[in-house]
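The chains referred to below are lettered A, B, ... by the order of the sequence lines, with proteins before strands, and numbering in each begins at 1. Not measured: the values here are computed from a predicted model.
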Amino acid sequence: MKAMNRRKFLKGSLLGGAAASVISKRKNADASSSFGGYPDAMGVLVDLTRCIGCRSCEAACNKEQGLPAPAQSFDDLSVLDHERRTSEGAYTVVNRYEIPGKDHPLFRKIQCNHCNEPACLTSCFVNAYTKTPEGAVIYDATVCVGCRTCMIACPFYVPAYSYSSVLNPVVQKCIFCYDTRLKFGRPPACVEACPREVLTFGKRKDLIKIGNQRIQNHPDLYEDHIYGEKEVGGTSWMYLSSAPFDQVGFDTDLGTQPILSYVKEFLTVVPMVLTIWPALFAGFHLLATRKDKQKKEEKSEI
Amino acid sequence: MEQIQKYLYGAVLVSLLCFSPLQNFAVAGDGPDEVEIDSLAQLYEPVYFDHAMHEEVTDSNCAVCHHHTLGTQIEDENCMRCHAESGATDEIACQECHSSNRFEAEDLARIDADKTLYHRDKVGLKAAYHIRCMNCHEEMGAANGCQDCHSRTDAGNKFFHAGNYAPPESDKPAGGGH
Ligand code: SF4
Ligand code: SF4
Ligand code: SF4
């Protein structure tokens, strides 16, 4: 429900900026609603039945992404006593869930889910985000103005902010190891580090087949659902679980429509918003068009 | 990153070569006495797997770990559908079937190219070890923590920010999240 409230907030009070960006990107947006993700996008299938909460994935991410030293060792499992969220210092965290009626807890690794139609991207009015054909949702911190719209738009509470520079906080989140690995066809650091292959890396469309096969082969073990196959228009990172998804921290009320289409509903409020913030937009528009131009140039190279 | 790369994809020295003389079924005591598993070499010291002892605790039922490959009867109904009568195979060592470069482009391309391959979702070598060993250890109440089997190298301590690389005590309660 929290997400709904957030969306209401996004629709209603917003931060007009997001609305403006939706206008400027409406063409894109309409195209993307029938697009459903890049055909060869990669993804990761996270199988909670295998996870032991060892935090090797967290350590690997910390190293790969050059994040600051953690407050506690990565082998200190006492951090699992409290539910954690991703942050500017930890692009991925593992949480533990006690399951009623089961002897064993389940563990869930969270990070950016790399949505097919990312709300962070559509809500960003300086076009800081890009969904790459490989499936990663990456961002350009140099154009980020630190407005935090994406943080509100993301249905999974993923983007965090770096406050190391008070004047210019920038978004920080998991980038699917795009720069160092994914773009070279290599699996992310966390995937490679996991001792139990909780994280299966492959083409998203293959992962859906694999997930269904696991469910079919072990109907007593798995819930009959791949979380992320359809949620919010589909995500590149998807999950299998042996407990109902709402018992392991998933929001099961998100629906299958991309958050984008919810955002579209408040287009009607835009004119009013525009009259309030024209000057502000002029500035943002400059940034955005600069970015668009860059993108066009990139595209024409392909 | 080089380190993790080496740690995961470096030479896998599982010396299961001693397994050569194979008949249709396995005989207790045919297996190696000890197997050195060195595939996590960068972060952890090698593990010396007491194969002889494990033969004993499994009552020499090779299928507990080696599936159908030694010609021993398996119980999993799914596997039985094809392997009830398949007999012993030429390949027995874990690494012969479980890839040590799992998820690298080459490995994914190999699977992609073989359209009729049934076992498309076969775990890599590292997961094969950990899933097999740990699930059984848990069932048997045997030691199951990372360092019960692996002693960490200095590089391993650095990776986990532990030992000599542990964060100063004063920093404690924050713990990574908001
Ligand atoms: S999970 Fe959130 S941050 Fe990641 S792509 Fe989706 S909307 Fe964006
Ligand atoms: S994909 Fe890369 S950036 Fe994302 S959680 Fe894994 S290691 Fe971290
Ligand atoms: S490394 Fe794998 S088993 Fe360990 S906590 Fe992460 S996902 Fe779970």
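Nearest approach of A:Glu192 to B:Glu104, heavy atoms of both residues: OE1-OE2, 3.6 Å. Heavy-atom minimum distance, A:Asn217 versus B:Asn78: O-ND2, 3.2 Å.
The distance from the CG atom of B:Asp121 to the CD atom of A:Gln213 is 8.0 Å, given to the nearest 0.5 Å. In this structure, B:Lys158 NZ and A:Lys63 NZ are separated by 7.5 Å, a value rounded to the nearest 0.5 Å.
Heavy-atom distances place no part of A:Leu80 under 4.5 Å from chain B, backbone and side chain included. At a 4.5 Å heavy-atom cutoff, the contact between A:Lys203 and chain B is made by side-chain atoms alone. No part of B:Glu106 comes within reach of chain A, as not one of its non-hydrogen atoms sits under 4.5 angstrom from that chain. When heavy atoms are compared at a cutoff of 4.5 Å, B:Asp112 approaches chain A solely by way of its side chain, counted from C-beta outward. Residue B:Arg132 does not touch chain A at all, counting heavy-atom pairs closer than 4.5 Å. With a 4.5 Å cut-off on non-hydrogen atoms, B:Glu138 touches chain A through its side chain but not through its backbone. Residue contact with chain A, scored on non-hydrogen atoms closer than 4.5 Å, involves the side chain of B:Leu108 exclusively. When heavy atoms are compared at a cutoff of 4.5 Å, A:Arg196 approaches chain B by way of both its backbone and its side chain. For a residue to count as touching a neighbouring chain, one of its non-hydrogen atoms must lie under 4.5 Å from one of that chain's; by this rule A:His104 touches chain B with the side chain only.
Of all the listed residues (B:Ala166, B:Cys146, B:Gly124, B:Ala128), the one sharing the greatest number of non-hydrogen pairs under 4.5 Å with chain A is B:Gly124.
Within the 4.5 Å cutoff, the side chain of B:His130 has no heavy atoms near those of the A:Ile52 side chain.
Although no hydrogens or angles enter the test, the distance criterion places no donor-acceptor pair under 3.5 Å between the side chain of B:His161 and the main chain of A:Pro70. In this structure, B:Lys126 contributes its side chain and A:Glu197 its backbone to no donor-acceptor pair below 3.5 Å.
With B:Phe160 as the fixed residue, the side-chain contact (heavy atoms from CB on, under 4.5 Å) test singles out one of A:Ser56, A:Cys54, A:Ser73: A:Ser56.
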* Let me see the working for A:Asp206 and B:Arg120 under side chain to side chain contact (heavy atoms under 4.5 Å, CB included), right down to the final yes or no. => CA-CA 9 Å; A:Asp206 294 340; B:Arg120 309 185 81 80; over 6 Å; no
* To do: Determine, stepwise, if the pair A:Thr200 / B:Phe103 fulfils side chain to side chain contact (heavy atoms under 4.5 Å, CB included).
  => CA-CA 8 Å; A:Thr200 299; B:Phe103 301 133; 3.9 Å; yes
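The pair A:Asp75-B:Arg152 counts as a salt bridge, with a side-chain nitrogen and a carboxylate oxygen less than 4.0 angstrom apart.
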